[in-house]
Amino acid sequence: MCGRFVFYSPAEAVTRLFGVEFEQEFQPRYNIAPTQVAPVLRRDDAGSRRLNLLRWGLVPFWAKDRAIGNRMINARAETVAAKPAFRQAYRRRRCLVLADGFYEWQRKDAGKVPWYIHSTAGGPFAMAGLWERWRPEGEESLETFTILTREADPWMTAIHHRMPVIVDGDTASRWLDPATGEQALNSVCEGPTGVELEATQVSRQVNNPGNEGPELIQPVGN
DNA sequence: CCAGACGTTGTT
DNA sequence: GTCTGG
DNA sequence: CCAGACGTTGTT
DNA sequence: GTCTGG
């Protein structure tokens with residue numbers, strides 16, 4: 001799945017690769033955890049790409065309590081179209097979550113081992129997501145997102161059997177386009193990951209969401 | 001009808 | 001808001 | 001995802 | 001064991 005990720009690419013690279021400018025400042029992050037904000041790429045009503053900071057953990061519009069978002073950090077691509085918490089966002093509010101990589105924990109007898117999974121060529125990529133706007137009474141409205149997951153690529157299954165849906169180029173545009181139908185969305189989720197990935201084992205420092213810094217993605221021995 | 005859930009992962 | 005279970 | 005709390009009364 | 005918060 002995808003329960004922690006990394007985004008440190010500079011604004012220039014984001015503009016070059018995704019054709020969008022940051023609207024709020026975002027410092028490089030090596031340990032983005034649920035409930036924290038991250039840059040999310042959406043299309044506005046005019047069709048232009050926009051990049052804003054949203055909170056991770058989708059809070060459905062009907063929620064009474066934002067804590068429900070703690071359990072909505074991922075949506076299974078196989079079932080997302082039918083789930084009450086995601087169905088409307090899936091039809092009308094798709095987004096891209098930008099990342100330089102993500103973490104997966106491999107279960108071993110000795111405990112869990114964290115791996116950092118990133119582009120072999122280097123550079124950021126986009127994960128398919130959904131976003132939602134929650135308007136609690138008497139409080140400021142809150143925008144949140146979730147990341148879609150799918151079966152992991154075969155090379156990855158020794159580490160973990162789920163991974164985020166990663167989209168690239170035209171596939172990413174199709175995901176964002178509000179006119180894209182459900183069948184085409186399904187093929188986006190089932191299609192090949194357009195980015196070649198590799199995994200490096202990292203230190204357990206990443207386990208604690210309070211830890212932060214480039215040392216978290218440094219390879220460790222084994 | 002009302003009450004209560006609305007999710008994923010992984011493990012047994 | 002909408003569905004499931006009782 | 002992992003880490004850390006998980007409770008009440010009453011007092012400072 | 002299960003939930004909340006980061």
Side-chain angles (χ1 to χ4, degrees), chain A residues 1-7 26-40 53-93 97 99-118 127-137 139 141-153 156-166 189 199-213 215-217 220:
Chain A
M1 66 179 304
C2 182
R4 216 72 80 73
F5 68 99
V6 168
F7 182 70
F26 187 76
Q27 293 301 122
R29 290 292 315 276
Y30 297 85
N31 199 3
I32 301 170
T35 74
Q36 300 178 342
V37 296
V40 168
L53 303 185
L54 274 66
R55 184 187 201 255
W56 188 9
L58 187 145
V59 180
F61 65 92
W62 42 257
K64 293 189 184 71
D65 181 356
R66 74 181 59 201
I68 195 171
N70 295 340
R71 296 190 290 284
M72 308 282 179
I73 66 171
N74 293 127
R76 288 177 67 91
E78 300 90 330
T79 58
V80 66
K83 296 290 182 183
F86 299 133
R87 198 177 49 187
Q88 271 194 257
Y90 181 66
R91 286 196 294 239
R92 295 172 171 46
R93 287 181 292 279
V97 182
D100 283 279
F102 57 93
Y103 297 105
E104 297 288 4
W105 278 260
Q106 177 184 37
R107 282 166 190 269
K108 291 194 149 185
D109 293 340
K112 291 183 183 178
V113 175
W115 293 78
Y116 177 55
I117 297 163
H118 53 99
M127 303 185 286
L130 310 176
W131 69 277
E132 189 60 87
R133 183 175 289 127
W134 185 56
R135 306 164 184 278
E137 276 200 46
E139 283 178 74
S141 76
L142 179 71
E143 291 186 334
T144 58
F145 70 93
T146 191
I147 298 169
L148 271 81
T149 64
R150 62 182 295 183
E151 281 293 313
D153 288 341
M156 231 188 86
T157 55
I159 295 173
H160 204 78
H161 72 97
R162 302 287 298 174
M163 67 181 283
V165 174
I166 294 172
C189 292
T200 51
Q201 194 182 328
V202 294
S203 115
R204 291 175 193 272
Q205 284 181 87
V206 72
N207 288 17
N208 189 332
N211 291 336
E212 180 54 73
E215 63 273 19
L216 298 182
I217 63 169
V220 297

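Closest approach of A/C189 and A/L148 over heavy atoms only: SG-CD2, 4.0 Å. Closest non-hydrogen pair, A/W56 versus A/G3, comes out as CH2-C, 3.3 Å. Nearest heavy atom pair, residue A/N31 against residue A/P209, reads ND2-CA, 3.7 Å. The shortest heavy-atom contact between A/M127 and A/C2 is SD-SG, 4.0 Å. Contact between A/G57 and A/T144 at its shortest, heavy atoms only, is O-CB, 3.2 Å. Among all heavy-atom pairs drawn from A/P84 and A/W62, the shortest one is O-NE1, 3.9 Å.
For A/T149 and B/dT8, the shortest distance from a side-chain N or O to OP1 or OP2 is not below 4.0 Å. Applying the 4.0 Å criterion to OP1 and OP2 of E/dG6, one finds that A/N31 has every side-chain N and O outside that range.
Following rounding to the nearest Å, A/E78 (CD) and B/dG7 (C1') show an atom-to-atom distance of 13 Å. Residue A/E132 contributes atom CD, which lies 13 Å from atom P of B/dG7 at whole-angstrom precision. Regarding A/F5, its CZ atom lies at a distance of 17 Å from the P atom of E/dG6, rounded to whole Å. Per the geometry, CG belonging to A/L216 stands 14 Å off C1' belonging to D/dC1, to the nearest Å. Here C/dG1 presents its C1' atom at 15 Å from CZ of A/R135, a figure rounded to the nearest Å. Atom pair A/R93:CZ and C/dG1:C1' shows a separation of 12 Å (rounding to whole Å applied). What separates NZ of A/K83 from P of C/dC3 is a distance of 13 Å, to the nearest Å. Whole-Å rounding puts the A/F7 CZ to D/dC1 C1' distance at 20 Å.
Residue contacts for A/A33: at a heavy-atom cut-off of 4.0 Å it reaches a base atom on one of the strands shown. If you check every strand for non-hydrogen atoms under 4.0 Å, A/T146 touches nothing.
E/dT4 and D/dG7 have their C1' atoms separated by 16 Å, given to the nearest Å. E/dG5 and D/dT8: their C1' atoms are spaced 22 Å apart (whole Å). The same atom, P, is picked in B/dT12 and in D/dC2; the two are 16 Å apart, to the nearest Å. On the P atoms, D/dC6 is 22 Å away from B/dA5, given to the nearest whole Å. For the P atoms, the distance linking B/dC1 with D/dT9 amounts to 39 Å, nearest Å. Comparing the P positions of D/dA3 and B/dT11 gives an interatomic distance of 16 Å, to the nearest angstrom.
Atom-to-atom distance recorded for A/Y116:OH and A/F5:CZ is 11.0 Å, nearest 0.5 angstrom. With rounding to the nearest 0.5 Å, the separation of CD in A/E151 from CD in A/E78 is 6.5 Å. Rounding to the nearest 0.5 Å gives a distance of 9.0 Å between CZ of A/R4 and CD1 of A/I73.
Of the residues in residues 55-76 of chain A, those with a non-hydrogen atom less than 4.0 angstrom from any atom of DNA chain C are A/F61, A/W62.
Of the N and O atoms on the side chains of A/E143 and A/W131, not one donor lies less than 3.5 Å from an acceptor on the other residue.
The side chain of A/P209 has E/dG5 as its nearest neighbour among B/dC6, B/dT9, E/dG5. Closest to the side chain of A/K112, out of C/dT2, B/dG7, D/dC1, is D/dC1. Among the nucleotides B/dC6, B/dT9, E/dG6, the one closest to the side chain of A/R162 is B/dT9. Each of E/dG6, C/dC3, D/dC2 was ranked by its minimum atom distance to the side chain of A/P34; first place goes to E/dG6.
Paired regions of DNA chain D, where each region holds three or more successive Watson-Crick or G-U pairs whose two hydrogen-bonding distances fall under 3.5 Å, are D:1-6 with E:1-6.
With A/R162 contributing its side chain and A/T149 its backbone, the two residues share a donor-acceptor pair below 3.5 Å.
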